[in-house]
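Input: a single structure, listed below in structure tokens.
By convention in this document, chain letters (A, B, ...) are assigned in the order of the sequence lines, proteins followed by strands, and residues within each chain are numbered from 1.
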2 protein chains.
Amino acid sequence: MATLKDIAAALGVSVATVSNVFNGRPNVGCATRQKILRVAKQMEYRPNRAAQAMRTGRTRAIGLVLPDLTNPFFPELAQAVENTARSRGLLVCLVDSQSRPEGEADGFALLMQHAVDGIIWCPLGPRPPAQLKNLARPVVLIDRPRPGYAVVHSNYRMGGRLLAQYALRMGHTRVGLLSGPQNIESAHQRREGFVKAFPRSIDIVWEVCVGFDGVLTPEALAALEQRGRATLIVAGNDLIAISAIRRLAEQGVSVPEEVSVTGFDNIRWTDIVTPRLTTIAQPVGAIGAKAVELMQERMSGEKIASRRTIFDVELIERDSVRQLNSGS
Amino acid sequence: MATLKDIAAALGVSVATVSNVFNGRPNVGCATRQKILRVAKQMEYRPNRAAQAMRTGRTRAIGLVLPDLTNPFFPELAQAVENTARSRGLLVCLVDSQSRPEGEADGFALLMQHAVDGIIWCPLGPRPPAQLKNLARPVVLIDRPRPGYAVVHSNYRMGGRLLAQYALRMGHTRVGLLSGPQNIESAHQRREGFVKAFPRSIDIVWEVCVGFDGVLTPEALAALEQRGRATLIVAGNDLIAISAIRRLAEQGVSVPEEVSVTGFDNIRWTDIVTPRLTTIAQPVGAIGAKAVELMQERMSGEKIASRRTIFDVELIERDSVRQLNSGS
DNA sequence: CCGCCGTAGTGTAACGTTTTACTAAGCAGA
DNA sequence: TCTGCTTAGTAAAACGTTACACTACGGCGG
């Protein structure tokens, strides 16, 4: 690997001058600048990041800490983060905590040791992120706001409202709620958005909370038995919706003929499952890209006010909701 | 951040001694060793990886280069790789090329600049990996063997054979093949395993190749029209199988009543789709873990013979294949 | 002609480790 | 007592950058 010294030696100039060229500093003549660039290219010079890191304290690498890549929301996010980071010359260091707090803690320790310049983090659980305090690095949260930190997420309340509007439009007034964990803000807001949109027109006939991974608790199973009470089941996310549809199918209840179901997230498989799921689409790619952008702002600059960035969501109408005749 | 120097100063010993302690070198008395460790813990000393990297040339970070996290095979793999790497103190730097060769090339450049100690790579496409030559770092391939490189993958041929056995057991002798891209070795071997298992008993009535992403070509669509010819469709992977089932459903053909379908990979959603898909399970977690293990062997040691590591696969019987009465 | 300024460039000290070559002391054997 | 060996520890030179404080020199106003 060629170093600054090699280039300097080859041209009979000092290392400082060569360094100046690459860092776009003044005080180097046009002619020498050209020569240096030419020789550098020819020698395939690449700055040694480790040396730069030691000197400047910046690594041009960021951490991405996720709870679970197996949850289909995250691969798409990770892809977006990695791609926009790379396009800006940033390396992404991945930590997947498998939803275990120790995993998260270990991951942080590793990232700090490697002195990443910042961390994009989707914290697990509702508990406040203790490790953040002594991090001394910019942090951008995804999807789970915490006071005092920058966060980017979707407008979940809006998603809830859109679903409520749609439900009414399709003639559904008696609905069951299969919400996500209410201690996670994003799940809570989805619910709030739906429930508070038309409180007088929509009747919540039952409500159960389950995990975002879609495994149905006995309570949830029991709720699904109460056939005929609700004409529409509003699930906290697509995984939950798909589980519900499966369960109903096992019991010989067909969706959407006998009961309608909506999801949330528009994961890839909503399009592949039968019936195709009507759901709310988040702009996952945009969220990832924005997170990197915010990160970079914070890395290179002065303390910026920690703000929320909220993206609009969109209703994707597919086949899992039936139009009820107005009399019903 | 505390440094070796700080610890040395606090105890009135030399940096060298402190360094020796952490590197497990001899020539440091038991008493001083204890003291140093105690003070280090108290000061929360963490070695500066950048400095270590500069001195030793090793970063204790590895690259993971994948074609597309959106393909459900990869998140699980990435999770396994990250977790076993972390448990061994290795940081994982992610590159997702989005199936674009330029992306792959950019990613490699970035990883080299950061001087990762090795690369775990699932190369895209059939073309030989040109960048490997001047890499000067150990490489472990996943799923796509290349002469001269270590690779870990599943026993695809075995998967094909298992499917053939199962097909016969269920009474299917006329099958249609919806294979993956035959220039990718893993797809090719799945096909070979199936076709060569019982050439005299199983009749391949039609055969079409499509991409692993499951989008059906006009040719594939046409093949699916030829109802009644094949009683079983053997798909190159689960995505393809699921697409086929969807397509058949749209045409009012029910699976498995009218035609049976098998997949390959056992991605998470095979369990959620209707009908639940009968498929071949790869031990993805074990593959990822093994790749890291091989990587570490190669990082720390002398050149080891580049070998294949092949994992057994398993038939997962679900609901997408019907038992034919022997007369049929 | 003097003083001064701006331009182009140099020398070198860091940054936090690891590693090599070295020393000082203690002790056993002769 | 001296030699030589072992143990415990040290000093200092790297590694490849960056950044600060310099110098050398040409030209220009007065």
Side-chain angles (χ1 to χ4, degrees), chain A residues 1-37 39-40 43-61 89 91 110 112-117 136-137 299-300, chain B residues 1-37 39-40 43-61 89 91 112-117 136 299-300:
Chain A
M1 275 286 143
T3 75
L4 285 188
K5 193 151 57 169
D6 298 335
I7 299 179
L11 283 165
V13 297
S14 77
V15 250
T17 305
V18 184
S19 171
N20 284 339
V21 167
F22 290 114
N23 296 41
R25 256 186 282 275
N27 291 344
V28 34
C30 190
T32 29
R33 161 167 279 118
Q34 302 290 318
K35 273 193 296 186
I36 288 174
L37 288 175
V39 172
M43 286 177 141
E44 295 191 349
Y45 168 74
R46 299 270 168 260
N48 178 326
R49 290 274 187 232
Q52 283 182 322
M54 189 163 103
R55 193 64 245 265
T56 63
R58 333 250 72 185
T59 51
R60 301 191 64 67
L91 185 68
L110 199 57
M112 291 325 294
Q113 221 168 98
H114 281 265
V116 292
D117 286 346
R137 294 267 183 270
M299 276 166 49
S300 56
Chain B
M1 276 284 144
T3 75
L4 285 188
K5 191 150 57 169
D6 298 335
I7 299 179
L11 284 164
V13 298
S14 78
V15 249
T17 304
V18 185
S19 171
N20 284 338
V21 168
F22 290 114
N23 295 41
R25 254 185 283 277
N27 291 345
V28 35
C30 189
T32 28
R33 162 169 278 118
Q34 302 290 318
K35 274 193 297 186
I36 288 174
L37 288 175
V39 172
M43 286 177 142
E44 295 190 351
Y45 169 74
R46 299 269 168 263
N48 179 326
R49 291 272 185 232
Q52 284 181 321
M54 189 163 102
R55 193 62 245 264
T56 63
R58 332 249 73 186
T59 52
R60 302 190 63 68
L91 185 68
M112 292 325 296
Q113 219 166 101
H114 281 265
V116 292
D117 287 345
M299 275 165 49
S300 57

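A:Arg58 places a side-chain N or O within donor-acceptor distance of the main-chain N or O of A:Met299, the cut-off being under 3.5 Å. Judged by distance alone, the side chain of A:Thr56 and the main-chain N or O of A:Gln52 form a donor-acceptor pair under 3.5 Å.
The 12-atom threshold is not exceeded at CE of A:Met1, counting heavy atoms of other residues, nucleotides or ligands nearer than 6.0 Å.
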Going 5' to 3' through nucleotides 16-25 of chain D, assign each nucleotide B (protein heavy atom under 4.0 Å from a base atom), S (under 4.0 Å only from sugar-phosphate atoms) or - (no protein heavy atom that close).
BBBB------
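Rounded to a whole Å, the CG atom of B:Asn27 is 16 Å from the P atom of C:dC22. Computed from coordinates, the A:Leu11 CG to C:dA8 C1' distance equals 15 Å when rounded to whole Å. Distance B:Lys35 NZ to D:dA8 P: 14 Å, rounded to the nearest Å. Taking atom CZ on B:Arg58 and atom C1' on C:dT19, their separation rounds to 16 Å, with Å as the unit.
In this structure, the separation between CG on A:Leu4 and CD1 on A:Ile36 is 9.5 Å, given to the nearest 0.5 Å.
Taking side-chain N and O atoms only, B:Thr32 has a distance below 4.0 Å to OP1 or OP2 of D:dG9. Phosphate proximity of C:dG9 to A:Ser14: absent, as no side-chain N or O sits under 4.0 Å from OP1 or OP2. In this structure, A:Thr17 reaches the C:dT10 phosphate: one of its side-chain N or O atoms is under 4.0 Å from OP1 or OP2.
Between A:Ile7 and A:Ala40, the shortest heavy-atom contact is CD1-CB, 3.7 Å. Scanning both residues, B:Thr59 and B:Val116, for their nearest heavy atoms gives OG1-CA, 3.6 Å.
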